[in-house]
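Input: a single structure, listed below in structure tokens.
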Amino acid sequence: MPGIRGPSNYSQEPTRHPSLIINAKEPFNAEPPRSALISSYVTPVAMFYKRNHGPIPIVEDIESYYIDIGGLMGSSRKLYMRDVRSLPKYNVTATLQCAGNRRTSMSKVRTVKGVGWDVSALGNAVWGGAKLADVLELVGVPKFTSVTHSGGKHVEFVSIDQCKEENGGPYKASIPLSQATNPEADVLLAYEMNGEPLNRDHGYPLRTIVPGVIGARSVKWLDSISIIAESSQGFFMAKDYKMFPPSVNWDNINWDSRRPQMDFPVQCAICSLEDVNAITPGKVKVCGYAVSGGGRGIERVDISIDCGKTWFEASRYQKPGISYVADDISSDKWAWVLFESIVDVPTSVEIVAKAVDIAGNVQPESVQTIWNLRGILNTSWHRVQVRVGHSKM
Ligand SMILES: Nc1nc2c(c(=O)[nH]1)N[C@H]1C(S)=C(S)[C@@H](COP(=O)(O)O)O[C@H]1N2
Ligand SMILES: [Mo]
């Protein structure tokens, strides 16, 4: 592939911010500290979680870099960066969340397989690029197509990185063609993040952004795009990122029995407090994020300090100073909301948060009921313990 190369070892990794919490070194997987995550609505690139399955690719010559687009669409062609840039540019503010966010706390119930994450395997960025619907139209697939004449129903994104799960092959994922050709779905071929060219960690020179869907479908370092009949058979679609019932274990698992996870469910987490914070009695600021998949806004965030017997509502905002209205055109539909509440804490307690989205979906109370062997989609009520005392602990 001209212009870009996927190294087979970790000798040429980019430098990263020293305050990131490293969950795995090779491949590099890291998240920001909780407090840094909620210090701004748009997450700075340096503080954005990094989720990789192999060494970071290297662009050797951006002029000769192109992606191949083909498959079940009657033709194929090469798409250079200048072709992508010639299409209208959109800036979409969208939260990317790894399906493994909060896996560490799920693994405390029963062991799960996968990289451990606290609550910061997500971030909110302004992604700049061309709409995939425009790109597909450019190559002959009209808007709002769900099946092509040759039977194509999915769009597969193939990267250039070398992943051990793929036996050294590239990362792949797909989305339905109907979503890819719907301009309202805001699926992007992005070349910018927060107004700057994507950096290597986040997919330079070109990645997919699929708003409202688990991060695993937003393929970085694109090499090719292909219209295919069924959803991608790549490892991360077919044998990973599927949600199994609690009864399924590694001896009785049947991967084909479940569909690849796409939208993520409603989620929230308190980020102003760690487990276990020692505080002095009195007012405590409880802040965090709430987000739902599929473009569903956040209707409410509830806080409790008596294990869920009574609740009060936190205030929500996206842009500071502007009140957030779920589902309103003034709000960023693909983006998280931050929440804030002042709580009076006289004694040591557990502080709990849960969010409700505009469809009325609520987070489940306990992690036990949603335990699954891959440890994905832990969206249980988020709990932090605070210890009240006058002495330093
Ligand atoms: N090519 C490629 N794309 C990828 C991945 C990867 O390992 N390789 N990881 C996926 C996963 S699981 C997530 S959660 C997001 C993370 O994106 P980020 O590192 O920009 O935060 O990228 C997705 N796209
Ligand atoms: Mo992920």
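- Of the charged side-chain nitrogens involved, none lies within less than 4.0 Å of a carboxylate oxygen, so that Asp118 and Arg103 do not count as a salt-bridged pair.
- Side chain of Glu340 to backbone of Tyr317: no donor-acceptor contact under 3.5 angstrom is found.
- The structure places CD1 of Ile4 at 9.0 Å from CG of Leu206, a figure rounded to the nearest 0.5 Å.
- Between the side chain of Ser331 and the backbone N or O of Val325, at least one donor-acceptor pair lies under 3.5 Å.
- Between Leu188 and Leu132 the shortest side-chain heavy-atom distance does not fall below 4.5 Å.
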Inset, instruction - Any chance you could lay out the side-chain contact (heavy atoms from CB on, under 4.5 Å) test for Val343 and Phe312, step after step, and finish with the verdict? - result: CA-CA 10 Å; Val343 179; Phe312 44 90; 3.8 Å; yes
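- Considering CG of Asp83 and CZ of Arg77, their distance stands at 5.0 Å, rounded to 0.5 Å.
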Inset, instruction - List the steps and the verdict of salt bridge (Lys or Arg N to Asp or Glu O under 4.0 Å) for Asp327 and Arg296. - result: CA-CA 7 Å; Asp327 219 19; Arg296 288 176 289 276; over 6 Å; no
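- Judged purely by distance below 3.5 Å, without hydrogens or angles, the side chains of Ser105 and Asn378 pair a donor atom with an acceptor atom.
- Both Leu373 and Val367 are members of a single hydrophobic cluster when ILVMFWY side chains are connected at heavy-atom separations under 4.5 Å.
- Judged purely by atom type and a 3.5 angstrom limit, Gln233 uses its side chain to pair as donor or acceptor with the backbone of Ser231.
- Defined by atom type and a distance below 3.5 Å, a donor-acceptor pair is present between the side-chain atoms of Asp186 and Trp334.
- Between Tyr49 and Leu20, the closest side-chain pair of non-hydrogen atoms is not below 4.5 Å.
- For the atom pair Gln385 CD and Glu350 CD, the distance stands at 4.5 Å (nearest 0.5 Å).
- The residues Glu13 and Arg16 are annotated as salt-bridged, a charged nitrogen and a carboxylate oxygen being separated by less than 4.0 angstrom.
- Side-chain atoms of Asn277 come within 3.5 Å of backbone atoms of Glu274 as a donor-acceptor pair (strictly under, hydrogens ignored).
- In this structure, Glu26 places its CD atom where more than 12 heavy-atom neighbours from other residues, nucleotides or ligands lie under 6.0 Å away.
- Without hydrogens or angle criteria, Lys220 side chain to Arg207 main chain gives no donor-acceptor distance under 3.5 Å.
- Remark: side-chain polar atoms of His382 are paired, donor with acceptor, to backbone N or O of Ile270 under 3.5 angstrom.
- Annotation: side chain of Trp221 is not in contact with side chain of Val158 (no heavy-atom distance under 4.5 Å).
- Note: Phe48 CZ to Asn199 CG = 10.5 Å, rounded to the nearest 0.5 Å.
- Within the 4.5 Å cutoff, no side-chain heavy atoms of Lys172 are placed close to those of Phe236.
- Residue Lys113 qualifies as open at atom NZ: its count of foreign heavy atoms under 6.0 Å is 12 or below.
- Transitive grouping of hydrophobic side chains (ILVMFWY, heavy atoms separated by less than 4.5 Å) brings Val155 and Ile209 into a common cluster.
- Applying the side-chain contact (heavy atoms from CB on, under 4.5 Å) test between Ile227 and each of Ile69, Val147, Leu136 identifies Leu136 as the sole match.
- A salt bridge is absent between Arg300 and Asp357; no separation between the charged side-chain nitrogens and carboxylate oxygens falls under 4.0 Å.
- In this structure, a donor-acceptor pair under 3.5 Å is present between the side chains of Thr95 and Asn124.
- Side-chain contact between Ile225 and Asp68 is absent, with no heavy-atom pair separated by less than 4.5 Å.
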Inset, instruction - Please test Glu31 against Lys50 for salt bridge (Lys or Arg N to Asp or Glu O under 4.0 Å), starting from the C-alpha separation and ending with a verdict. - result: CA-CA 7 Å; Glu31 65 187 303; Lys50 289 147 187 41; over 6 Å; no
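- At a threshold of 4.5 Å between side-chain heavy atoms, the hydrophobic network of Ile, Leu, Val, Met, Phe, Trp and Tyr places Ile21 and Val115 in two separate groups.
- Of the charged side-chain nitrogens involved, at least one lies within less than 4.0 Å of a carboxylate oxygen, so that Glu192 and Lys89 count as a salt-bridged pair.
- Here the side chains of Val59 and Ile62 are in contact, with some heavy-atom distance below 4.5 Å.
- Taking the six-membered ring where tryptophan is involved, the planes of Trp255 and Trp250 are tilted, since the angle between them lies from 30° to 60°.
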Inset, instruction - Start with the C-alpha gap between Glu156 and Ser232, add the side-chain angles, then the distance that decides, and say whether side-chain hydrogen bond (donor to acceptor under 3.5 Å, both in side chains) holds. - result: CA-CA 6 Å; Glu156 182 180 55; Ser232 171; 2.7 Å; yes
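- A donor-acceptor contact shorter than 3.5 Å is absent between the side chain of Asn52 and the backbone of Asn29.
- A perpendicular orientation is assigned to the rings of Trp311 and Trp381, their planes being inclined by more than 60° (bins at 30° and 60°).
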Inset, instruction - Decide side-chain contact (heavy atoms from CB on, under 4.5 Å) for Arg102 and Trp117; before the verdict, give the C-alpha distance in whole Å, the side-chain angles of both, and the deciding distance to 0.1 Å. - result: CA-CA 5 Å; Arg102 303 182 58 201; Trp117 296 92; over 6 Å; no
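- Taking the six-membered ring where tryptophan is involved, the planes of His53 and Tyr171 are tilted, since the angle between them lies from 30° to 60°.
- In this structure, Asp263 and Gly293 approach most closely via the heavy-atom pair OD2-C, 4.4 Å.
- The side-chain tip of Arg217 does not point at the ring of Phe157 from less than 6.0 angstrom away and within 45° of straight on.
- No cation-pi contact links Arg374 to Phe244, judged by a cut-off of 6.0 Å to the six-membered ring centre and 45° from its axis.
- Using modelled atom types, one side-chain atom of Gln318 and one backbone atom of Asp332 make a donor-acceptor pair closer than 3.5 Å.
- No continuous path of hydrophobic side-chain contacts links Met193 to Met47 [ILVMFWY only; heavy atoms under 4.5 Å].
- Under a 3.5 Å cut-off, the side chain of Arg51 and the backbone N or O of Ala121 do not form any donor-acceptor pair.
- In this structure, Arg5 contributes its side chain and Asp161 its backbone to no donor-acceptor pair below 3.5 Å.
- Within the 4.5 Å cutoff, the side chain of Ile358 has no heavy atoms near those of the Ile298 side chain.
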Inset, instruction - Quick one: do Leu79 and Val84 satisfy side-chain contact (heavy atoms from CB on, under 4.5 Å)? Show the steps, please. - result: CA-CA 7 Å; Leu79 202 73; Val84 181; 3.7 Å; yes
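- Exactly one residue among Leu122, Ile214, Val213, Leu377 makes a side-chain contact (heavy atoms from CB on, under 4.5 Å) with Gln97. That residue is Leu122.
- Separation of atoms CZ (Arg316) and CD (Glu299) is listed at 6.5 Å; rounding is to 0.5 Å.
- Contact annotation: the side chain of Leu189 approaches that of Ile67 to within less than 4.5 Å [non-hydrogen atoms, C-beta and beyond].
- Note on Ile370 and Val291: separate hydrophobic clusters, where clusters join Ile, Leu, Val, Met, Phe, Trp and Tyr whose side-chain heavy atoms are under 4.5 Å apart, directly or indirectly.
- Arg200 forms no cation-pi arrangement with Tyr204, by the criterion of a distance under 6.0 Å to the ring centre and an angle within 45° of the ring axis.
- When each of Thr208, Leu96, Thr93 is tested with Trp127 by the rule side-chain contact (heavy atoms from CB on, under 4.5 Å), just one qualifies, namely Leu96.
- Atom-to-atom distance recorded for Ser366:OG and Trp371:CH2 is 13.5 Å, nearest 0.5 angstrom.
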Legend entry - Derivation and outcome, side-chain contact (heavy atoms from CB on, under 4.5 Å), residues Gln179 and Val187: CA-CA 8 Å; Gln179 184 177 11; Val187 179; 4.2 Å; yes
